[in-house]
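Notes to accompany the following structure.
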Amino acid sequence: MPTIYIDDQPYEVKEGQNLLHAVLSLGLDLPYFCWHPAFGSVGACRQCAVTQYQDENDTRGRIVMACMTPASDGTRISISDPDAIQFRENVIEWLMVNHPHDCPVCDEGGECHLQDMTVMSGHNYREFRFKKRTHRNQDLGPFINHEMNRCIACYRCVRYYRDYAGGDDLQAFGAHDYVYFGRKEDGVLESEFSGNLVEICPTGVFTDKTLKRHYTRKWDLQTSPSVCQQCGLGCNTIAGERYGTLRRILNRYNGQVNRYFLCDRGRFGYEYVNSEQRITQPKISGSQVSGEEAVASIAGLVKDKTRIIGIGSPRASLESNFALRTMVGANRFYSGMSRTETRLVGLVREVLQQGPARSASLLDVEQADAVLVLGEDLTNTAPRLDLSLRQSVRNQPLQEAENSGIQTWNDAALREYIQDKKGPLFIATPAGTKLDGLATGTYRGTAADIARLGYAVAHALSSEEAPAVKGLPAELKRLAATIAQALKNADRPLVISGTSLQEETVIKAAANVAWALSSPEQAADICYTVPEANSLGVSYLADAGVQDAFQAVQKGEADTVVVLENDLYRRAATSEVDAFLSECKHVVCIDHLETRTSGASEIVLPAGTFAESDGTLINNEGRAQRFYQTFVNEAGAMQESWRWIREVMDLNKHVDVSEWESLDDVFSAMLKSVEPFTEMSDVAPDAQFRIHREKIPRASFRYSGRTAMKANVSVHEPQPPEDPDSPMSFSMEGYSGHPPAAFTARFWAPGWNSVQSTNKYQSEVGGPLRGGDPGIRLIEPTRKSTPKYYRDIPEAFATRDGEWFAEPLYHIFGSDETSSASEGLARRIPEPYVAIGSAASESLQLNSGDRITIRIGEEQYTLPVRLYAELPDGVVGVPFGLPEFTGFALPAWTQITGAEDN
Amino acid sequence: MERPLTQHIRPGKEPMTLPEYEEAGGYQAVKKALKDYTPKEIQDLVKDANLKGRGGAGFNTGLKWSFVPLGDDAPHPKYLVCNADEMEPGTFKDRVLLEGNPHLLLEGMITAAYAIRADVAYIFIRWAYQLSRERLANAIKEAYEHNYLGKNIQGSDYSLDMHIHVSAGRYMCGEETALLNALEGKRANPRAKPPFPQTSGLFGKPTIVQNVETLCNVPGIVVNGVEWYKGLSHSEEGGTKLYGVSGKVKNPGCWELPMGTPIREILEEHAGGMQDGLNFRGLIPGGASTDFLVEEHLDTPMDYNSITQAGSRMGTGTMIVLDDQTCPVAMVENLEHFFAQESCGWCTPCRDGLPWTEKILHAIEHGVGQMRDLDTLSAHSKWLGPGNTFCALAPGAVEPLQSALKYFRDDFERHINEKRCPWR
């Protein structure tokens with residue numbers, strides 16, 4: 001380990017770092033702007049200047065940029081040398097030459113890295129007396145606000161947006177003190193990760209436009225550690241509330257999962273919590289009633305345990321699902337996913353549990369050096385994975401660059417040296433994906449053909465054991481061989497697949513490939529995406545889906561259903577759901593937003609959203625993570641679903657829930673009942689946890705002049721609500737130091753008010769959080785060798801005369817149920833359409849924009865056509881899950897019944 | 001006196017065609033290099049001759065080439081880039097060579113490319129040098145036709161392709177790494193060194209960037225040898241140099257003279273001295289980004305070392321003369337305006353510091369300066385030093401400023417105290 005000397009003190013640092021990274025990791029303060037732990041050094045801003053000495057005798061030294069200087073053994077620097085201090089102050093002064101006096105009106109104020117560095121530098125007096133340069137701002141869409149006068153030209157935005165996230169519609173224009181960062185013309189930023197700009201930008205140039213609509217200062221927010229509920233990846237977030245409205249979502253660093261970045265659906269898809277569509281009061285037959293009345297009514301309905309079933313939800317917490325299961329009994333509890341999806345998610349679990357391949361975290365994906373994607377349009381089904389893959393394709397070229405002598409943190413130099421080289425990435429999907437631009441090779445086919453390709457790759461890797469595919473065309477055989485070769489030669493190969501195409505054999509084929517790549521010495525990585533935040537979690541609790549529930553009622557086995565946080569019309573054909581709901585004598589629905597199901601329910605209870613509840617979720621990796629309540633919503637009677645169910649059980653006394661006072665109680669009951677869950681007993685400390693006998697505050701500490709918690713109502717301070725479910729308080733009272741990682745309600749350190757303060761929570765900047773990243777991996781493979789290969793290879797896809805096979809197409813904005821009810825995000829949701837390939841376009845004489853009538857499931861729809869040239873013959877693409885465009889299963893055979901006169 | 005760089009230039013006439021140039025002895029260097037020398041031997045020759053880069057940095061050219069990997073394991077393609085982006089204010093010497101005898105440049109380039117076994121050569125030429133570009137394009141066409149470019153040059157196993165790239169027009173592209181970025185189609189920001197272009201240059205491959213005049217020196221060295229080259233000059237630094245003079249002298253122009261010719265000689269014998277009625281006040285010896293020298297320095301030899309000893313830089317060797325009827329403050333304001341405008345905008349001190357100096361100088365020149373402004377200007381001179389900024393543009397920009405404050409401080413103070421420019 002190299003030793004460096006800072007102001008004559010020796011320090012041991014990690015090998016291969018630059019001085020800035022080393023100094024920050026030591027916990028010392030050195031200002032910087034353009035460096036970022038996720039994308040290294042470029043040396044542009046000149047803020048991190050230190051004085052470097054040749055040896056002990058050199059007393060003069062010279063100024064160097066810490067971010068561009070290797071922290072090699074024997075390096076001697078001074079941070080406190082007067083020249084270095086003066087120069088760093090000068091840099092701030094130069095930045096302030098043009099920086100507007102916007103602090104009082106700037107959204108960034110209070111969490112502004114420029115503010116922090118200005119204070120740190122000691123600069124406080126304006127010498128400059130001339131005019132400042134100004135810019136015209138652009139409308140960049142519903143998510144990002146643009147205020148270019150504030151720009152300090154650190155170039156982070158374009159480095160992140162273009163180099164890291166692969167976007168191309170944000171760029172640097174102009175030169176000298178007139179450089180401009182924006183688009184060629186006003187317009188919505190196209191990258192699905194544009195939202196990270198608000199945290200990347202050290203000033204208020206790029207800010208959260210959704211926050212701006214209900215702006216509040218960071219220090220007035222009440223925040224809690226949360227988990228994003230908008231897809232299956234479980235990125236960690238920090239949710240912030242004031243005056244009963246959820247204001248914004250910020251990234252919460254987790255070194256294994258999302259690290260520094262979120263996707264736009266997660267960051268901006270929270271506003272449904274504030275939506276007019278919220279169910280706020282219990283209702284019976286459409287009329288508002290008190291909670292007691294509603295609970296009593298339900299208790300009456302469920303008195304006969306043999307008549308009731310419960311339909312759970314892949315978007316509800318484990319605790320809520322478990323409570324329902326407890327109430328109705330495990331054999332009367334349904335997963336809430338469709339029958340098909342329940343089977344698919346169960347299969348995913350089976351593969352991960354069996355092994356030998358191990359489930360990959362997002363960090364593992366970033367570190368893979370050869371990837372095969374079977375069936376998933378990741379940018380839309382698991383967006384944060386797209387960002388990880390974009391980094392993974394650099395790994396092989398980076399390794400080849402090792403003999404160039406260029407340090408790993410020297411970002412610009414490495415990118416120059418590597419140019420456009422990429423490691424192997426193969427993507428097999430029905431339609432084109434945004435990641436195709438990075439791919440070594442792509443394959444377009446239906447799910448069946450994608451599965452066949454996967455099986456062929458596995459056979460090429462392990463011809464003795466993995467089954468061969470009969471009748472594979474020569475071209476595909478060659479592709480399979482190429483893919484197999486690339487994966488075999490890699491150090492960390494990875495297979496990614498998922499449930500999106502609703503096809504078992506795709507999942508099985510992916511398993512075969514990953515297993516063929518595994519050896520007793522090293523398990524290969526496999527990553528499956530699942531659609532919702534708790535798909536994997538609920539699959540532990542039920543292996544029957546909604547269609548099975550429908551059957552039970554049909555057969556007369558039950559007549560009362562309790563539906564938990566689920567719109568059944570998104571899970572099954574409309575007519576099936578209609579029939580089910582009318583067959584049921586009684587329908588109880590517990591949910592947050594009004595849906596078709598809640599509209600058809602006799603009794604409706606208002607459920608708390610993630611921001612109003614605590615709970616545990618299991619993500620696609622098999623990682624159990626806890627999300628904590630941000631605020632108590634007093635605008636209605638909402639509470640956690642499990643609390644409603646507990647109240648019912650308590651009335652009936654069928655189940656002894658006298659011990660169920662808090663989340664911990666339900667959680668431990670659940671762990672006793674579900675054997676695999678015992679592994680997650682340490683997912684977070686329980687509600688009795690204290691630090692120096694203090695709780696952990698949800699609000700930031702204020703020295704003086706704090707506004708009352710509900711100043712919009714009264715300046716008198718109400719008693720803060722109790723929180724029986726966690727060691728956190730709904731106030732600023734409590735321990736003001738760093739809590740255990742699972743309870744990090746905000747990142748802050750003295751002098752570091754911005755998100756850069758995350759550095760202070762890591763022992764090595766960019767590494768795990770101190771004490772370990774939160775969350776517990778539940779699934780480690782049991783087998784280490786001799787996999788039991790799957791053998792059911794599907795037939796090749798065959799077209800049908802007069803019919804079109806519709807594969808589902810996913811949309812980051814639109815395919816997810818709850819985020820689609822968010823104001824800003826809703827503007828990005830496309831109208832329903834049908835995508836056709838070039839062959840279909842020719843044979844049907846259709847162009848983009850023409851309208852056709854298509855029968856999908858039971859209904860006909862008249863929709864505009866989109867031309868996705870690569871769609872295979874006989875295949876069309878239908879978007880999945882768009883608002884008011886559900887009620888049919890995909891994939892499905894469809895008929896195009898009319899092309900309107902266009 | 002031998003003038004190997006300009007001997008074949010016929011002012012007012014078309015440059016020599018390739019056959020004419022060959023007849024006059026041109027392209028001997030290429031033939032000799034390919035036939036008699038290995039690439040390494042050419043490098044050593046040029047190194048021993050102590051040919052210093054004529055773009056302004058003055059680095060030993062042969063030594064620079066020696067860092068390019070040679071041999072079978074070397075990455076390919078390798079590149080030779082000629083920096084014909086002459087935009088240093090006051091500098092016009094490369095233009096003389098480009099318009100006057102493009103074949104000399106080509107000969108030098110092909111020889112240099114061979115010395116590093118480059119596969120492709122580019123001439124990165126300033127947008128405004130349109131006549132030069134035309135003449136270069138013709139010369140390249142001729143060179144291909146006569147087997148000096150393309151496959152198997154003159155029957156050897158060495159092949160070279162050459163292209164002209166016209167710059168979009170910014171001064172920054174004269175910085176070698178910014179040039180490489182511009183050539184790649186990226187923004188013309190410079191790169192940090194290390195890694196040097198010899199390791200990771202154009203498109204990440206080994207590259208040498210060299211000034212026009214430097215490359216024009218190469219053929220002479222290869223054909224005539226080290227002793228000859230050293231014998232051309234009066235000083236340790238061998239060869240001849242193109243010197244230029246602009247400003248209010250009787251005969252502004254450009255002359256090829258032995259390296260180390262004293263300033264006074266260039267000024268008085270070749271440039272004819274100051275115009276009638278004007279006296280000498282000072283000069284900047286090597287283009288806008290060099291320090292002022294004054295009367296006491298006039299006997300200094302114009303070579304890299306001597307000028308550095310005198311407190312300035314030889315830079316490009318083209319002098320701008322300040323007379324006693326021209327306001328020094330206005331001159332420096334003009335220069336800082338140029339530098340502030342040409343800043344690429346990458347690093348803070350240059351991007352935000354230079355416009356501040358320009359605004360201050362403008363205020364002083366217009367009678368609204370303050371004494372504390374001089375402290376600010378000095379501070380900028382001090383802090384915009386090499387290593388503090390990302391590249392050499394800002395350190396160069398403050399050279400005339402700091403020396404003007406040293407030698408013409410009284411003029412600055414008069415502007416401030418009298419609240420006007422005394423020269424207007």
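A, B, ... follow the sequence lines: proteins, then strands. Residue 1 opens every chain.
Residue contact with chain B, scored on non-hydrogen atoms closer than 4.5 Å, is absent for A:Ile418. Interface residue A:Met65: only side-chain heavy atoms are found under 4.5 Å from chain B. Heavy-atom distances place no part of B:Leu393 under 4.5 Å from chain A, backbone and side chain included. Heavy atoms closer than 4.5 Å to chain A are found nowhere in B:Lys205, neither backbone nor side chain. For a residue to count as touching a neighbouring chain, one of its non-hydrogen atoms must lie under 4.5 Å from one of that chain's; by this rule B:Ala188 does not touch chain A. Both the backbone and the side chain of A:Leu95 come within contact range of chain B, with heavy atoms under 4.5 Å apart. Contacts of A:Ala412 with chain B are absent, with no heavy-atom separation under 4.5 Å from either backbone or side chain. Proximity to chain A (any heavy atom under 4.5 Å) is shown, for B:His362, by neither the backbone nor the side chain. Of the two parts of B:Ile360, the backbone and the side chain both hold a non-hydrogen atom closer than 4.5 Å to a non-hydrogen atom of chain A. Neither the backbone nor the side chain of A:Asp420 has a heavy atom closer than 4.5 Å to any heavy atom of chain B. In this structure, chain B has no heavy atom under 4.5 Å from any part of A:Ala49. Neither the backbone nor the side chain of B:Lys193 comes within contact range of chain A, judged by heavy atoms closer than 4.5 Å. In this structure, the portions of B:Pro349 lying under 4.5 Å from any heavy atom of chain A include both its backbone and its side chain. Proximity to chain B (any heavy atom under 4.5 Å) is restricted, for A:Val179, to the side chain, taken from C-beta onward. Heavy atoms of A:Phe173 lying under 4.5 Å from chain B belong exclusively to its backbone. Residue A:Gln419 touches chain B through its side chain alone, counting heavy-atom pairs closer than 4.5 Å. Proximity to chain B (any heavy atom under 4.5 Å) is restricted, for A:Asn90, to the side chain, taken from C-beta onward.
Residue with the most contacts toward chain A among B:Cys344, B:Ala363, B:Pro194: B:Cys344 (heavy-atom pairs, distance under 4.5 Å). Between chain A and the options B:Thr199, B:Thr389, B:Thr376, the largest number of non-hydrogen pairs under 4.5 Å is found for B:Thr389. Comparing A:Tyr417, A:Phe128, A:Phe33 by heavy-atom pairs within less than 4.5 Å of chain B, the highest count is held by A:Phe128. Of the listed residues (B:Arg351, B:Lys382, B:Arg191), the greatest number of heavy-atom pairs within a distance under 4.5 Å of chain A belongs to B:Arg351. If you tally non-hydrogen atom pairs under 4.5 Å between each of B:Cys350, B:Gly204, B:Ala379 and chain A, the highest count goes to B:Gly204.
In this structure, B:Tyr79 has its ring center at least 6.0 angstrom away from the ring center of B:His163. In this structure, A:Trp94 has its ring center under 6.0 Å from that of B:His380. The ring of A:Trp409 has its center no closer than 6.0 angstrom to the ring center of A:His21. Centroid-to-centroid, the aromatic rings of A:Tyr178 and A:His135 come within less than 6.0 Å.
Side-chain contact check for A:Thr51 versus A:Tyr53: some heavy-atom pair is nearer than 4.5 Å. Using a 4.5 Å heavy-atom cutoff, the side chains of A:Pro2 and A:Ser72 are not in contact. With a 4.5 Å cut-off on side-chain heavy atoms, B:Glu342 and B:Arg170 count as touching.
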Just do the side-chain contact (heavy atoms from CB on, under 4.5 Å) check on B:Asn388 and A:Phe87 with the steps written out, would you? CA-CA 8 Å; B:Asn388 295 358; A:Phe87 186 76; 3.5 Å; yes

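Between the side chain of A:Ser754 and the backbone N or O of A:Cys112, no donor-acceptor pair lies under 3.5 Å. Using a distance-only test at 3.5 Å, with no hydrogens or angles considered, a donor-acceptor pair links the side chain of B:Thr348 to the main chain of A:Cys45.
The distance from the CD atom of A:Glu402 to the CD atom of A:Gln407 is 12.5 Å, given to the nearest 0.5 Å.
Taking the six-membered ring where the residue is Trp, B:Tyr171 and B:Phe338 present perpendicular rings, their angle passing 60° and hence far from 30°.
Crowding of A:Lys132 atom NZ: a count of heavy atoms from other residues, nucleotides or ligands under 6.0 Å exceeding 12.
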